[in-house]
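Note sheet for the following structure.
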Protein chains: 2
Amino acid sequence: MGWGGRIGWFVPLWRWRLKCFIRGAMLTSTEGSAHPRMRFNPSFQRGGNGLTQQPRNGRAPSVKDVAAAAGVSLGTVSNVLNRPAVVSTATRERVERAMADLGFIRNESARQLRAGTSRALAYVMLDGGNPFFQDVAEGIENAADAADLSLFVCNSGGRAERESKHLDRLVQQRVQGILITPVDPDASHVADIARRGIPFVMVDRLSSTGDHCSVAVDDVLGGRIAVEHLIDRGHDRVAFVGGPESIGQVRERYQGAREVWEEFGKPAEDLIHLPTEALTVSEGRSAGERLAGLPSRRRPTAAFCANDLLALGLLQHAVTAGLRVPDDLAIVGFDDIDFAAAAAVPLTSVRQPRQELGRTAARLVLDEATNPDHQHEQATFVPALVARASTGTVRR
Amino acid sequence: MGWGGRIGWFVPLWRWRLKCFIRGAMLTSTEGSAHPRMRFNPSFQRGGNGLTQQPRNGRAPSVKDVAAAAGVSLGTVSNVLNRPAVVSTATRERVERAMADLGFIRNESARQLRAGTSRALAYVMLDGGNPFFQDVAEGIENAADAADLSLFVCNSGGRAERESKHLDRLVQQRVQGILITPVDPDASHVADIARRGIPFVMVDRLSSTGDHCSVAVDDVLGGRIAVEHLIDRGHDRVAFVGGPESIGQVRERYQGAREVWEEFGKPAEDLIHLPTEALTVSEGRSAGERLAGLPSRRRPTAAFCANDLLALGLLQHAVTAGLRVPDDLAIVGFDDIDFAAAAAVPLTSVRQPRQELGRTAARLVLDEATNPDHQHEQATFVPALVARASTGTVRR
DNA sequence: TTGTACGCGTTATCAA
DNA sequence: TTGATAACGCGTACAA
């Protein structure tokens with residue numbers, strides 16, 4: 001059975017349900033004007049708050065119902081909704097009264113159909129379990145809220161096929177714009193979005209082609225300041241903890257680390273790469289085990305982690321293993337999520353302006369959606385080191 | 001200017017944008033059947049992936065465009081989409097080809113309008129900054145995904161007026177069902193949802209009235225096992241850290257704590273309430289300060305925190321202040337978020353089945369949406385203590 | 001097997 | 001100031 005069949009099956013149930021919840025509702029005497037349309041809708045009832053209605057056949061009341069109840073035409077109701085000034089006070093009040101009585105609520109689908117686009121944005125995030133992206137999402141939501149738009153928040157969980165599925169659905173929904181932190185910025189299903197002309201902003205990744213907006217911090221620079229800070233503190237052997245390399249952010253933060261390491265004339269083999277399979281707390285713990293397993297003369301005295309989750313996992317392992325942080329092992333994270341400061345040994349981290357990334361991305365996508373002179377923009381933020389106890393002491 | 005004006009202004013921009021991105025796209029010779037409708041759409045082009053089209057006046061291609069391009073009627077296209085079996089292979093392929101060429105994507109608004117309901121669920125969460133709710137949301141999203149539904153994730157941030165605004169929008173969107181962890185379960189705007197007949201499930205709160213489904217753990221029991229665990233470990237003075245009392249979860253966890261404290265014959269004044277203004281890490285820190293400020297003979301040797309965020313804040317303050325955890329201060333949290341286990345002193349916590357709460361809630365809301373025999377259900381889960389290092393030792 | 005015609009709820013245009 | 005009517009895109013009777 002195809003979709004049509006299922007839809008046809010849904011509708012009666014919907015009616016059935018309405019019929020059920022009506023049972024027990026307070027019903028008072030029928031009221032309303034003597035408008036002839038009224039006889040087609042004989043079941044209007046009035047209750048305290050307009051929710052005790054059973055308009056027509058069980059569907060939600062429409063402008064048509066309101067018009068009938070108020071004894072005016074459909075166009076007038078529309079005017080009350082969209083150009084209140086143009087309708088006389090008396091009729092407007094009558095219509096408003098009818099809307100309240102019926103519990104009328106505008107149907108967004110119909111408005112969308114008419115308008116050609118929905119009143120929603122969407123953010124497809126890379127990892128819902130990482131508070132960093134939640135904070136970005138919060139920034140977006142605030143901006144969306146201010147523009148009176150709803151926000152679809154989707155989570156790809158790092159899986160390309162799930163991301164693609166989400167995007168398909170969002171395009172079907174005709175969302176006004178899509179913000180995404182992509183699994184792979186070069187994936188075709190990502191490029192297709194911009195090519196369709198849907199306002200589109202890449203978050204936490206810069207566009208290489210420049211054919212859409214993007215918002216990110218300079219990850220290479222972030223890697224640089226993290227490692228420079230560790231060099232400052234006198235560390236001569238440093239671990240870079242992070243992976244997989246398919247993640248651009250990881251690559252660039254590592255690159256920044258290597259650059260500055262080299263510039264300070266340190267031997268490349270003293271910047272030790274501990275690859276991880278994901279940017280998670282548990283991968284951080286496992287990296288900690290590998291780190292502890294190194295022969296002591298090869299063992300780093302500090303670690304720069306590609307994000308805070310890894311750093312927290314590493315920190316946990318270190319403390320459990322009896323290492324003193326920062327004396328035995330200094331740790332720098334990346335993102336500066338709230339939990340970094342809240343760790344038992346507060347974590348030094350490279351701060352990204354999380355909410356502002358989101359706000360800016362939303363601003364750009366809205367500009368693309370509304371401004372005919374929109375120019376694609378690559379908004380780059382400068383990361384900042386927030387030094388805390390986990391790198392507290394200067395060595396030697 | 002009212003909304004109508006703005007919409008009217010949007011549409012031309014939309015066209016303008018499409019015109020722009022088309023520039024530079026590869027254009028090949030016009031192709032297609034000689035169907036007469038074709039002349040109304042003279043600008044069809046074919047490219048590699050169907051995205052280089054400029055159908056009609058800049059709007060996304062509709063079934064009508066597909067029909068014209070394939071040289072069939074509109075109904076046939078619809079049949080291809082909804083009852084592929086009923087259409088001959090040859091025409092079906094021709095239609096599918098046309099859809100691919102044009103980059104046709106179904107318009108959800110139109111489907112919704114027709115179907116009377118959207119293909120989306122919604123979850124309004126209480127605190128987006130708390131990973132607990134993110135995990136619940138993830139459970140919901142997985143279930144929604146399996147049912148091929150989109151999920152609106154909204155965040156009230158504990159503010160009733162924001163929650164109400166979200167709910168208004170969701171009702172306008174005609175979502176299939178609403179899941180919510182409400183600021184106040186008894187608020188009228190919450191009750192209105194269920195009264196409207198919208199499938200509705202309360203998450204992390206039980207329904208008192210029974211006129212809708214709900215999913216939660218037994219918070220009183222959770223409070224009991226937390227404090228019983230501390231009593232087991234030999235603690236005679238315990239703090240309950242949590243607030244505000246307007247949050248039902250806080251009240252009930254506290255109640256459970258008091259019950260078991262009394263049952264063990266402990267004097268009521270030795271269960272010390274440290275109220276907080278929110279369930280956040282920073283409030284946990286501030287509670288830590290107050291705790292440290294107590295005279296030593298009144299100072300608790302253990303703390304039960306109303307959630308893990310408070311516990312992490314308290315832990316952080318304790319470590320910073322030089323207290324040993326658990327020797328000087330044992331700590332129990334609630335929720336067992338991932339960061340609890342990842343804290344530098346892994347946190348003992350009362351575990352809620354976070355994802356399962358979400359999955360169950362989604363299951364219930366879908367049942368209400370589709371099953372005519374749906375009965376409201378109060379799904380109660382049993383919390384479980386997860387003992388970790390933060391309460392590690394038995395005292396005395 | 002395919003095509004025609006109508007309705008979903010809203011908004012905008014135009015006429016009264 | 002108000003009313004009638006035609007779209008928007010899709011799904012589906014019903015007719016051919």
Side-chain angles (χ1 to χ4, degrees), chain A residues 2-11 14 35 37 55-57 59-68 70-92 94-95 104-119 172-174, chain B residues 2-11 14 35 37 55-57 59-68 70-92 94-95 104-119 172-174:
Chain A
W3 243 104
R6 279 180 68 194
I7 292 251
W9 188 61
F10 262 117
V11 175
W14 171 260
H35 190 281
R37 278 172 185 254
R56 292 184 307 164
N57 51 14
R59 297 187 91 83
S62 75
V63 276
K64 217 183 278 177
D65 301 313
V66 174
V72 298
S73 90
L74 194 149
T76 302
V77 177
S78 179
N79 282 335
V80 170
L81 286 168
N82 303 299
R83 316 179 192 68
V86 91
V87 50
S88 77
T89 316
T91 33
R92 196 183 63 227
R94 201 147 41 95
V95 170
F104 167 77
I105 294 201
R106 278 154 118 122
N107 183 324
E108 258 299 307
S109 326
R111 301 185 77 191
Q112 283 177 33
L113 180 58
R114 189 49 220 207
T117 180
S118 87
R119 304 198 38 71
Q172 289 185 28
Q173 301 269 4
R174 301 291 193 270
Chain B
W3 242 104
R6 280 179 66 195
I7 292 251
W9 189 60
F10 261 116
V11 173
W14 172 259
H35 191 281
R37 279 174 186 253
R56 291 184 310 166
N57 50 15
R59 300 188 88 84
S62 75
V63 276
K64 219 183 279 178
D65 301 312
V66 174
V72 299
S73 91
L74 191 151
T76 303
V77 178
S78 183
N79 281 336
V80 170
L81 287 168
N82 303 299
R83 316 181 194 66
V86 91
V87 51
S88 77
T89 316
T91 35
R92 197 184 62 227
R94 201 147 40 94
V95 170
F104 167 77
I105 295 202
R106 278 153 114 122
N107 182 326
E108 259 298 308
S109 328
R111 302 186 75 193
Q112 283 178 33
L113 182 58
R114 193 73 175 66
T117 182
S118 88
R119 303 198 41 71
Q172 289 185 26
Q173 302 269 7
R174 301 291 193 271

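Below, read A as the first sequence line, B as the second, and so on, with proteins coming before strands; counting in each chain starts at 1.
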Thr91(A) side chain: which of dC10(D), dG3(D), dT1(D) is closest?
dT1(D)

Sequence neighbours excluded, the answer for salt bridge (Lys or Arg N to Asp or Glu O under 4.0 Å) partners of Arg92(A) is Glu96(A)

First of Gly75(B) and Gly75(A) reached from the 5' end of DNA chain C, by closest nucleotide
Gly75(B)

Sorted by chain and residue number, the side chain to side chain contact (heavy atoms under 4.5 Å, CB included) partners of Ser78(A) (sequence neighbours excluded) come out as Asn82(A)

Can you list everything that forms a side-chain hydrogen bond (donor to acceptor under 3.5 Å, both in side chains) with Ser109(A)? Sequence neighbours excluded, please.
Asn107(A), Gln112(B)

If you pin Asn79(A) and Ile105(B) to their nearest nucleotides in DNA chain D, which one's is more 5'?
Asn79(A)

dT1(C) phosphate, OP1 or OP2, under 4.0 Å from Arg92(B) side-chain N/O
no

Under 4.0 Å between a side-chain N/O of Asn82(A) and OP1 or OP2 of dT11(C), yes or no?
yes

Rounded distance (nearest 0.5 Å) linking atom CZ of Arg174(B) with atom OG1 of Thr117(B):
9.0 Å

Just N and O in the side chain of Ser88(A): are any of them under 4.0 Å from OP1 or OP2 of dT1(D)?
no

Inter-axis angle, terminal five-pair segments of the helix from dT1(C)-dA16(D) to dA16(C)-dT1(D) [nearest 10°]:
50°

Can you tell me which nucleotide in dT2(D), dT2(C), dA12(C) comes closest to the side chain of Val86(A)?
dT2(D)

Flag side-chain contact, heavy atom, 4.5 Å: Val77(B) against Lys64(B)
no

Figure out the CZ/P separation between Arg83(A) and dT13(C), and round it to whole Å.
7 Å

So, taking the atom named CG in Leu81(B) and the one named OG1 in Thr76(B), what distance separates them when rounded to the nearest 0.5 Å?
11.0 Å

Do the side chain of Arg114(A) and the base of dT10(C) come within less than 3.5 angstrom through a donor-acceptor pair of N or O atoms?
no

